[in-house]
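Here the structure comes first, spelled out in structure tokens, and everything after it is commentary.
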There are 4 protein chains.
Amino acid sequence: MRLAEADFTTKERILAAAESLFAERGFDGAAVRDIAARSGLNGASLYNHFPSKQALYEAVLERGIQPLLEELVRAAQAPGRGPAAGGRIIEALMAHLERTPLVPRLVEHEAVRGGEHLARLARHWIRPLFEQGLAALKASPDARRWSEDELPLLIAAYLHLVFGHFAMAPLLAEVLDEDPLAPESLARQTRFLRKLSQLLVGPPSPHPEGSLHEAQ
Amino acid sequence: MRLAEADFTTKERILAAAESLFAERGFDGAAVRDIAARSGLNGASLYNHFPSKQALYEAVLERGIQPLLEELVRAAQAPGRGPAAGGRIIEALMAHLERTPLVPRLVEHEAVRGGEHLARLARHWIRPLFEQGLAALKASPDARRWSEDELPLLIAAYLHLVFGHFAMAPLLAEVLDEDPLAPESLARQTRFLRKLSQLLVGPPSPHPEGSLHEAQ
Amino acid sequence: MRLAEADFTTKERILAAAESLFAERGFDGAAVRDIAARSGLNGASLYNHFPSKQALYEAVLERGIQPLLEELVRAAQAPGRGPAAGGRIIEALMAHLERTPLVPRLVEHEAVRGGEHLARLARHWIRPLFEQGLAALKASPDARRWSEDELPLLIAAYLHLVFGHFAMAPLLAEVLDEDPLAPESLARQTRFLRKLSQLLVGPPSPHPEGSLHEAQ
Amino acid sequence: MRLAEADFTTKERILAAAESLFAERGFDGAAVRDIAARSGLNGASLYNHFPSKQALYEAVLERGIQPLLEELVRAAQAPGRGPAAGGRIIEALMAHLERTPLVPRLVEHEAVRGGEHLARLARHWIRPLFEQGLAALKASPDARRWSEDELPLLIAAYLHLVFGHFAMAPLLAEVLDEDPLAPESLARQTRFLRKLSQLLVGPPSPHPEGSLHEAQ
DNA sequence: GATGAATGAGGATTCATTCAT
DNA sequence: AATGAATGAATCCTCATTCAT
């Protein structure tokens with residue numbers, strides 16, 4: 001029991017270290033030895049827990065993306081399909097990413113390089129997400145302002161907006177002079193996205209400023 | 001003249017090859033030998049044109065980003081600051097990126113890894129872009145729906161939306177079953193972004209569907 | 001214990017191989033791969049024991065020079081400061097160098113190229129040696145034939161004579177048709193230097209030929 | 001004529017640059033490109049004047065050693081074989097080396113590494129020098145204090161003393177806090193060597209201090 | 001499970017040399 | 001005679017991985 005627990009802990013430590021290094025430097029830039037060192041291990045010991053760098057990478061991706069997807073499914077399936085659903089999903093998503101802020105960087109790295117791993121990533125994880133979003137949007141009366149072939153773009157837009165904030169955090173930090181991952185920044189971004197969402201798929205607002213400013 | 005032209009050509013070939021490889025694999029993943037090979041050169045010959053991989057990388061970044069920034073400045077300074085300005089800038093940006101579709105990937109790679117180069121990238125290139133955008137938004141009467149501290153987020157949102165489409169093209173291609181960089185896809189995305197822009201910073205529309213659908 | 005011993009052995013093997021190659025070819029001429037091969041190692045394995053070629057080089061220098069200096073200090077501090085001290089030091093020095101005959105070559109290489117490492121070499125190792133020698137000479141009544149500003153030159157002369165014999169051994173071998181590092185050659189050179197030393201700092205000899213020929 | 005003259009000049013410039021770089025860094029450490037650059041040439045242009053690095057190296061050695069040898073022959077054959085001959089040769093040698101102070105470094109480099117070139121160096125240049133010295137010593141009545149098999153060592157000693165001063169100049173500079181190649185340093189070293197020579201092969205001196213101090 | 005040592009493959013870079021201009 | 005460009009070989013070093021302990 002003690003041993004198994006220690007093993008679990010070590011594995012977790014490796015995964016966390018790998019996540020941060022893969023997020024920072026990408027697959028090629030992250031050295032196994034560095035990951036091991038950041039886990040408090042010798043470079044060779046890591047191979048007692050993962051058979052290869054590639055396997056470790058995939059485990060990191062899976063560990064990061066799986067809960068994210070589950071969270072999304074949960075948020076989307078929560079009762080209340082009304083116009084507030086979009087805002088709720090955004091909130092859930094942002095709240096989740098606040099706890100795993102490196103995942104978007106991993107995804108972005110992978111997406112940008114279009115690696116072999118990408119197809120599986122897309123098919124197994126992103127595509128269901130898209131379809132789920134599509135269904136939700138089609139069910140929403142207020143989304144009727146978007147034609148059918150615009151809906152995928154709309155979902156992609158949400159993806160860019162939410163993931164971009166996390167993935168490009170290092171750049172934004174330099175430009176905005178504040179840490180985009182700080183709680184206040186995230187809260188502000190969440191409010192901003194909800195407002196934006198209202199404008200995009202909310203009901204047409206005859207006097208937007210007043211109502212929207214309160215809406216948060 | 002012949003010589004200078006040949007030199008220009010080789011250097012350009014190297015820059016193009018480097019751009020594509022850096023975009024695909026990032027700085028660490030792109031091997032100098034591969035860049036040279038893709039330029040029709042021996043690995044060593046590349047060093048007759050660039051003193052180091054790092055220098056080549058920076059030249060690629062500069063070559064990609066400088067014209068982009070100039071294009072943006074040009075578009076922003078064109079006459080007609082009205083509500084149509086946003087749409088015009090988006091159009092110019094998308095048109096420009098259609099010709100250099102790898103640049104957003106480069107930027108995203110750099111942004112995601114937060115490399116040493118990032119600070120300069122941010123200060124010299126992205127920040128002026130932000131400030132220019134801020135000024136434009138403040139001058140726009142319809143942007144008054146956004147509070148002052150939301151404006152940077154709005155600009156970042158545009159950044160994510162435009163750059164994301166190009167940077168994550170490989171992922172989107174898998175998900176959407178079409179090439180996001182194909183002319184029709186880009187035209188659709190441009191229309192979509194103009195419509196979205198209308199909703200975000202356009203005049204409040206009492207009956208949006210009709211008017212907006214024609215607006216393109 | 002077994003492990004530590006094996007480690008010591010490998011490191012020692014590398015140091016020995018590096019010493020011979022650095023002595024033969026100098027820093028630039030000695031390839032890490034060759035050093036590794038001569039140690040029975042793959043080129044990469046060497047880096048498990050030394051972080052860089054430069055570090056290995058410095059370790060080799062230190063390993064060679066440190067004991068030499070200690071030997072000198074020991075010989076100089078031995079009782080009996082009289083006119084025989086010079087001869088005793090020479091003997092000790094020659095005996096020591098017989099066991100590490102490559103060290104003078106290393107020093108000569110380094111001295112000739114005036115490398116960055118030289119300053120440290122000079123200040124930490126050679127200079128104390130000089131000062132020690134100076135003190136010994138000043139205390140010797142028979143050295144009064146040399147003026148104060150000639151004493152450093154006298155010490156340098158000893159340096160040249162002793163080190164030169166070892167460092168230029170390859171050249172001397174060609175010229176003299178015998179190996180200058182062979183025991184008999186070294187014995188002869190030692191006798192020669194003692195005799196020479198007698199002439200330089202020994203007592204004025206009224207009938208030198210007779211007395212000196214027996215002096216050995 | 002102009003062209004030929006320019007060529008001669010260029011060749012000389014290359015030889016001078018090569019001499020300094022070979023002296024500083026040895027054969028392996030000196031890059032052809034650096035030699036060319038120091039000659040004001042492109043790396044490729046050097047090959048218009050010398051067919052290879054090796055050939056250039058040999059030309060440098062020859063250019064440095066040939067005049068030195070001739071100078072020695074001249075000094076040795078000058079009238080007056082008496083006991084002053086040693087001093088006169090030393091003076092001529094030192095005076096010559098003052099004008100080509102890098103040559104001893106070249107020789108030392110070559111001697112230390114025992115390169116392929118060494119055999120020729122030894123046979124063609126150093127050995128005649130030795131034999132000439134041997135003859136001179138045998139003819140000198142005062143050298144009778146040295147047995148026959150010590151005479152080669154005596155000559156080698158002179159070699160070490162004279163060449164060492166120049167070759168190890170960088171090291172001596174650090175230790176003695178003055179430039180060993182400065183005119184005063186060289187003058188002092190010359191006086192020192194003459195005095196030393198008097199002691200080694202001069203007549204037995206009953207009251208050395210007085211007489212020798214004036215002897216310079 | 002942890003580690004020091006070993007290694008083949010590969011990475012960026014340098015180098016001597018060649019060649020067309 | 002000079003040079004920019006090209007290149008194969010070599011250089012130092014890193015890396016992912018393996019293995020004995």
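Numbered from 1 within each chain, the chains take letters A, B, ... in sequence-line order.
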What's the [atom1]-[atom2] distance between [X] and [N], to the nearest Å?
| X | N | atom1 | atom2 | answer |
| --- | --- | --- | --- | --- |
| D:Tyr47 | F:dA5 | OH | P | 19 Å |
| A:Leu46 | E:dG4 | CG | C1' | 16 Å |
| B:Lys11 | F:dA5 | NZ | P | 8 Å |
| B:Asn48 | E:dT14 | CG | P | 11 Å |
| B:Gln54 | E:dG11 | CD | P | 18 Å |
| C:Leu21 | F:dT11 | CG | P | 12 Å |
| B:Lys53 | F:dT14 | NZ | C1' | 12 Å |
| A:Ile14 | E:dT3 | CD1 | C1' | 14 Å |

All N/O donor-acceptor pairs, side-chain side in residues 22-33 of chain B, below 3.5 Å, sequence neighbours left out:
{"from": "B:Glu24", "atom 1": "OE2", "to": "B:Arg38", "atom 2": "NH1", "distance (Å)": "3.4"}
{"from": "B:Arg25", "atom 1": "NH1", "to": "B:Asp34", "atom 2": "OD2", "distance (Å)": "3.2"}

Report yes if at least one side-chain N or O of A:Ser45 is closer than 4.0 Å to OP1 or OP2 of E:dG1; otherwise report no.
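Looking at the OP1 and OP2 atoms of E:dG1, neither is under 4.0 Å from any side-chain N or O of A:Ser45.
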Tell me whether the OP1 or OP2 atom of F:dA2 has a side-chain N or O from D:His49 closer than 4.0 Å.
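So the side chain of D:His49 is within the cut-off, an N or O lying under 4.0 Å from OP1 or OP2 of F:dA2.
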Excluding sequence neighbours, so at least two apart, what forms side-chain hydrogen bond (donor to acceptor under 3.5 Å, both in side chains) with A:Glu58?
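side-chain hydrogen bond (donor to acceptor under 3.5 Å, both in side chains) check on A:Glu58 returns A:Gln54, A:Arg120.
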The side-chain hydrogen bond (donor to acceptor under 3.5 Å, both in side chains) partners of B:Tyr57 (sequence neighbours excluded) come to B:Glu110
With side-chain contact (heavy atoms from CB on, under 4.5 Å) as the test, would you mind laying out the steps for B:Val107 and B:Leu68 before giving the verdict?
CA-CA 12 Å; B:Val107 173; B:Leu68 173 64; 5.7 Å; no
Counting distance only, does the side-chain N/O of D:Ser52 pair as donor-acceptor with the main-chain N or O of D:Ala55 below 3.5 Å?
yes
Distance-only, no hydrogens or angles: does the B:Ser39 side chain make a donor-acceptor pair with backbone N or O of B:Ile35 under 3.5 Å?
yes
Minimum heavy-atom separation for C:Met168 and D:Ala111, please, with both atom names.
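Closest pair (atom of C:Met168, atom of D:Ala111, distance): CE-CB, 3.6 Å.
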Suppose the criterion is salt bridge (charged side-chain N to carboxylate O under 4.0 Å, His left out): which pairs have a residue in residues 40-56 of chain B, not counting sequence neighbours?
none
Taking DNA chain F as the partner, which of residues 25-44 of chain A come within under 4.0 angstrom of it by heavy atom?
A:Ala30, A:Ala31, A:Val32, A:Arg33, A:Ala44
Anything below 3.5 Å on both distances counts as a pair; with that, list the stems of at least three consecutive Watson-Crick or G-U pairs involving DNA chain E.
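If one scans DNA chain E for consecutive Watson-Crick or G-U pairs, the stems found are E:2-21 with F:2-21.
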Kindly indicate whether the side chain of C:Leu56, heavy atoms from C-beta on, has any atom under 4.5 Å from the side chain of C:Leu15.
yes
